[in-house]
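To start, the structure under review is shown below, and the notes come after it.
Naming: A, B, ... by sequence-line order, numbering from 1 per chain.
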Number of protein chains: 2
Amino acid sequence: MQRVTIAQVAERAGVSTATVSRVLSRRGQVSAAVERKVRRAADDLGYQVNVIARALRNSRTDTVGMVVPSITNPFFTSLVESVEHALGREGKELFLCDARSDPRIEARRLASLAARNVDGIIVSPSHGVDSRPAVQQTADRLPLVQLDRFVDGTTTDWVGVDDVAAMRQVMDHLHDGGTRSAAFIGSLMTHSSTEQRFAGFRRRAEELNIEVKPDQVLLGDYSVEWGEAAVARLIAEGGLPDALVCADDLIALGATRACRAHGFAVPQQVQVTGYDDIEFSRLAEPALTTVHQPRDRIAAEAVRLLAAASLAKDAERGPHARISLVPTLVVRDSTRATQAPPART
Amino acid sequence: MQRVTIAQVAERAGVSTATVSRVLSRRGQVSAAVERKVRRAADDLGYQVNVIARALRNSRTDTVGMVVPSITNPFFTSLVESVEHALGREGKELFLCDARSDPRIEARRLASLAARNVDGIIVSPSHGVDSRPAVQQTADRLPLVQLDRFVDGTTTDWVGVDDVAAMRQVMDHLHDGGTRSAAFIGSLMTHSSTEQRFAGFRRRAEELNIEVKPDQVLLGDYSVEWGEAAVARLIAEGGLPDALVCADDLIALGATRACRAHGFAVPQQVQVTGYDDIEFSRLAEPALTTVHQPRDRIAAEAVRLLAAASLAKDAERGPHARISLVPTLVVRDSTRATQAPPART
DNA sequence: CACCTCAATGCAATCGATTACAGTCGAGTT
DNA sequence: AACTCGACTGTAATCGATTGCATTGAGGTG
């Protein structure tokens with residue numbers, strides 16, 4: 001029960017604590033004989049380094065903190081998983097926090113991570129504006145990378161996908177399927193992702209001459225419930241357009257469900273598209289056409305940026321990176337293919 | 001960029017570090033005037049305690065570690081969320097780890113948490129047998145609670161639901177719907193949960209005289225893919241029974257999908273039940289009848305047990321608690337109600 | 001043989017906060 | 001006036017690992 005310290009190992013091996021430390025951390029020269037004795041003693045006693053003490057001494061914890069808006073959103077969950085794997089490869093661990101989509105909780109989490117001396121922070125900010133002070137302040141103290149979403153007006157590294165390009169693909173696909181009018185269902189413009197996706201949607205809709213009625217842009221939050229509610233509202237206020245373009249898969253799943261519940265066939269009468277390609281988008285009925293985010297690449301880039309930032313340190317806080325990856329459209333059954341025959345995945 | 005230490009605050013306020021510490025941690029007597037000076041100085045400098053240093057000194061981190069088999073399984077995700085909320089109420093933070101269903105990774109995570117001086121650990125073991133050494137060893141060093149699943153032959157606190165009682169409810173419900181034969185689709189018997197659920201299934205099936213063919217007990221893993229594969233196999237090897245009882249919702253979702261893909265109507269021709277009541281079970285087509293686990297209660301009890309264990313400490317490591325909560329059956333559309341009319345939720 | 005080099009090892013300071021112990025001082029007691 | 005008490009505050013040890021500097025001694029050189 002009693003923790004074993006380096007001093008006990010030293011005593012048992014008949015050497016000083018310095019030597020034990022040198023053996024265990026593979027730094028400095030130690031003769032083979034002594035090394036064997038020390039390892040022996042350490043094993044016998046079941047010694048384990050006290051990470052806390054080590055962290056205090058060299059102010060490195062080999063731990064990275066990650067803050068996401070909601071751990072129950074499958075997109076973030078799998079992003080977390082990707083990040084964890086990427087970190088594992090570098091022998092680092094992940095300290096995960098859920099901000100519950102509340103910038104205040106988020107700020108507290110960030111502060112707490114900083115106080116815990118994590119080596120860096122990966123954050124997908126909850127709010128495009130309100131998250132700013134906390135994020136910027138944290139970024140001033142230690143390496144920080146924003147993932148997926150970002151806060152307006154902050155200067156930090158960022159990794160995500162090109163939402164505008166993705167939306168162009170979505171709109172082109174819908175256009176090919178004969179779409180003449182579309183609605184957009186997203187969250188309030190408090191996330192950069194919604195903003196970008198909407199911008200991409202609107203621009204390409206114009207170029208393709210697809211009609212978007214002003215009252216058919218509905219903004220709520222990223223949830224199944226909101227998707228359902230939005231469709232109910234559309235139907236009540238004048239009917240559905242040819243296509244429903246949703247800012248994420250959860251909304252799209254809710255929207256699809258609501259369409260069917262109200263007797264509209266998907267994709268025959270209404271087409272629906274999502275964004276993120278969460279696992280359940282494949283399982284929905286009909287399977288959802290969506291935008292696949294290269295999560296592993298995003299995670300890998302984020303981890304790489306953090307590592308780089310840790311090295312550079314204060315030295316030359318060069319210009320910040322903004323890495324924008326290209327997502328791919330995954331066509332399934334909630335949209336019509338170019339011609340009649342339904343697509344399969 | 002430079003971290004502010006207690007010494008700097010002390011100097012600025014013209015007092016000793018001891019006094020500053022007393023003010024900031026609200027321990028011991030300090031005159032009002034000095035207190036004001038110190039707070040002033042701390043604010044001016046933007047002082048933040050160094051959690052690492054504090055932890056080293058009083059070997060408490062106000063952090064609890066949690067290890068789950070897979071962070072992408074929605075059941076565990078929402079369990080994590082519940083635990084986080086419960087901890088938040090006590091001012092503690094959560095350090096989350098994903099074991100990727102591998103006892104070796106799990107062991108490494110547990111060791112790492114212990115080395116980080118977490119105040120306690122909540123773990124849902126990946127394997128009913130192989131997880132044992134690591135779990136037991138960790139439990140010997142610090143407070144540990146097993147959640148949901150447990151390892152055979154360990155003596156630690158445990159919180160979960162009564163799987164046998166749950167399965168009785170499921171079987172009674174199916175029986176009411178006229179079921180005469182059933183198959184069981186679960187994971188390999190390497191998780192206590194599958195074991196318990198299968199035991200409950202088998203016993204009640206016998207009592208109700210529901211036929212279970214020996215080759216209609218299929219064991220794979222907790223995933224959608226396995227649910228699909230299992231149904232394909234059943235169909236290939238002689239057809240489906242009246243009902244498919246699945247050990248978790250992911251399997252059930254896959255099973256449902258496969259049934260429909262092969263042209264079997266659910267619930268008219270085959271009934272399907274799940275377990276866990278994850279969010280998507282409601283969204284499936286048809287919505288899944290499943291067993292709802294009281295996640296918040298489970299989490300709350302686990303946190304309570306940890307707190308109690310921390311206090312008792314070595315003193316009287318009394319007998320360990322095994323708290324078994326009662327889950328509730330949620331009837332939706334993948335099973336037939338007592339009579340004909342389909343149920344709604 | 002005197003002197004130098006370098007590997008191996010130990011001593012002790014250090015990271016930052018907490019706290020046991022001791023000292024100071026003013027008010028209250030006898 | 002001497003003494004007690006208690007509120008405040010400071011000094012220094014402590015938590016456990018790391019590491020700069022000093023020391024030792026073996027082997028090499030001229």
Side-chain angles (χ1 to χ4, degrees), chain A residues 1-39 41-42 45-63 111-112 114-119 141-142, chain B residues 1-39 41-42 45-63 111-112 114-119 141-142:
Chain A
M1 196 67 196
Q2 199 45 233
R3 297 193 65 87
V4 184
T5 75
I6 206 173
Q8 295 169 41
V9 175
E11 191 185 3
R12 186 168 231 259
V15 298
S16 73
T17 61
T19 302
V20 175
S21 173
R22 279 189 273 256
V23 170
L24 268 29
S25 56
R26 309 172 181 294
R27 256 184 275 271
Q29 319 272 19
V30 180
S31 71
V34 172
E35 163 153 8
R36 226 172 306 121
K37 264 197 308 185
V38 171
R39 288 203 184 287
L45 296 166
Y47 173 78
Q48 266 194 289
V49 284
N50 180 324
V51 182
I52 299 285
R54 169 184 289 172
L56 175 61
R57 177 58 217 238
N58 37 5
S59 52
R60 280 204 357 174
T61 50
D62 285 326
T63 302
S112 150
R116 283 189 151 72
N117 275 15
V118 292
D119 297 341
R141 303 173 110 275
L142 41 79
Chain B
M1 197 67 195
Q2 199 46 234
R3 297 192 66 84
V4 185
T5 74
I6 207 174
Q8 295 169 41
V9 176
E11 190 185 4
R12 187 168 231 257
V15 299
S16 74
T17 61
T19 303
V20 174
S21 174
R22 279 190 274 257
V23 170
L24 268 28
S25 55
R26 310 172 180 294
R27 255 184 274 270
Q29 317 272 17
V30 181
S31 72
V34 171
E35 163 152 10
R36 226 173 305 123
K37 265 197 308 184
V38 172
R39 288 203 184 286
L45 295 167
Y47 173 79
Q48 264 194 292
V49 286
N50 180 325
V51 182
I52 299 285
R54 170 183 289 173
L56 176 60
R57 177 57 217 237
N58 31 355
S59 52
R60 280 203 357 174
T61 50
D62 285 325
T63 302
S112 148
R116 283 191 152 70
N117 275 16
V118 293
D119 297 343
R141 302 172 108 275
L142 40 79

**Request:** Specify the separation, in whole Å, of atom CZ of A/Arg116 and atom C1' of C/dC15.
**Result:** 18 Å

**Interatomic distance where CG belongs to B/Leu24 and P belongs to C/dA17 [whole Å]** = 9 Å

**Fill in**
Result for 5'-nearest mapping on DNA chain D, choosing between B/Ala53 and B/Gln29, is B/Gln29

**Asked** Say you draw a straight line from CZ of B/Arg12 to CG of B/Leu45; how long is it, rounded to the nearest 0.5 Å?
**Response** 5.0 Å

**Fill in**
From the candidates C/dG10, D/dT18, D/dA13, the one with an atom nearest any side-chain atom of A/Arg22 is C/dG10

**Message:** Using the side-chain heavy atoms of B/Ser16, tell me which of these nucleotides is nearest: C/dC11, C/dT18, D/dT11.
**Reply:** D/dT11

**Asked** Under 4.0 angstrom, heavy atoms only, what part of the nucleic acid is A/Val20 near: base, sugar-phosphate, or nothing?
**Response** nothing

**Fill in**
Side-chain atoms of A/Thr5 come closest, of D/dT9, D/dT19, D/dA17, to D/dA17

**Item:** Short side-chain to backbone donor-acceptor contact, B/Thr17 and B/Ile6, under 3.5 Å
**Value:** no

**Request:** Take atom CG of A/Asn58 and atom C1' of D/dT19, then tell me their distance rounded to the nearest Å.
**Result:** 10 Å

**Request:** Rounded to the nearest angstrom, tell me the gap between atom CG in A/Asn50 and atom P in D/dG16.
**Result:** 7 Å

If you restrict it to nitrogen or oxygen atoms, what contacts under 3.5 Å exist between nucleotides 24-28 of chain D and the protein, and what is each distance?
none

**Fill in**
dist A/Thr5:OG1 -> A/Asn50:CG (nearest 0.5 Å) comes out at 9.5 Å

**Request:** For atom CD of A/Glu11, decide whether the heavy atoms of other residues, nucleotides or ligands shown that lie under 6.0 angstrom number more than 12.
**Result:** no

**Asked** When you match A/Thr17 and A/Ser31 each to their closest nucleotide on DNA chain C, which lands nearer the 5' end?
**Response** A/Ser31

**Message:** Just the rounded figure in Å: distance from P of C/dT14 to CZ of B/Arg57.
**Reply:** 19 Å

**Message:** For B/Arg116 and B/Thr63, which I'm curious about, is there any donor-acceptor pair between the side chains at under 3.5 Å?
**Reply:** no

**Prompt:** If you measure from OG1 on B/Thr61 to CG on B/Asp119, what distance do you get to the nearest 0.5 Å?
**Reply:** 4.0 Å

**Asked** From C/dT9, D/dT19, C/dA17, pick the nucleotide closest to the side chain of A/Val30?
**Response** C/dT9

**Request:** Please work out if A/Ser21 contacts a base, only the sugar-phosphate, or nothing of the nucleic acid, heavy-atom cut-off 4.0 Å.
**Result:** base

**Distance, rounded to the nearest Å, where B/Ile52 contributes CD1 and C/dG16 contributes C1'** = 11 Å

**Request:** Take the protein atom CG of B/Asp62 and the nucleotide atom P of C/dT18, then report the distance between them rounded to whole Å.
**Result:** 11 Å

**Request:** Determine the contact category for A/Arg54: base if any of its heavy atoms lies under 4.0 Å from a base atom, sugar-phosphate if only primed atoms, P, OP1 or OP2 are that close, otherwise nothing.
**Result:** sugar-phosphate

**For atom CG of A/Leu56 and atom C1' of D/dC15, their distance in whole Å** = 9 Å

**Atom pair CG/CZ of B/Asn117 and B/Arg141 - distance to nearest 0.5 Å** = 9.0 Å

